[in-house]
Amino acid sequence: MGDNEEDRDAIAEPASDSQRFKRLPERVKLEDTVESKDTNVARDPEGGRDTDRDFMIRYSGG
C-alpha cells in the first residue's frame with residue numbers, strides 16, 4: 001500500500017470526532033455547483049380561452 005492510499009484511509013475513517021473536524025472539506029468549484037433540472041411546460045393561464053371576448057360578453061350586456 002502506498003502513502004497515498006494510507007492518506008485516503010485516514011481521511012475516509014477518522015479516529016475520533018475531534019480528528020473529524022480538524023480539517024475542512026475540499027473546496028467545490030462554482031462550476032460544479034450548478035444544478036440542472038428538467039422543467040415542465042407552464043400551463044396556459046387563460047386555459048385556451050379568449051379572455052378579452054369573455055370580458056366583453058360578461059360586462060357589455062347592458
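The structure places CG of Asp50 at 8.5 Å from CD1 of Ile57, a figure rounded to the nearest 0.5 Å. Residue Glu46 holds its CD atom at 7.5 Å from CG of Asp52, rounded to the nearest 0.5 Å. Rounding to the nearest 0.5 angstrom, the gap separating the OG1 atom in Thr51 from the CZ atom in Arg58 is 9.5 Å.
Under a hydrophobic clustering in which Ile, Leu, Val, Met, Phe, Trp and Tyr are joined whenever their side-chain heavy atoms come within less than 4.5 Å, directly or via other members, Val28 and Leu30 fall into different clusters.
More than 12 non-hydrogen atoms from other residues, nucleotides or ligands lie less than 6.0 angstrom from CZ of Phe21.
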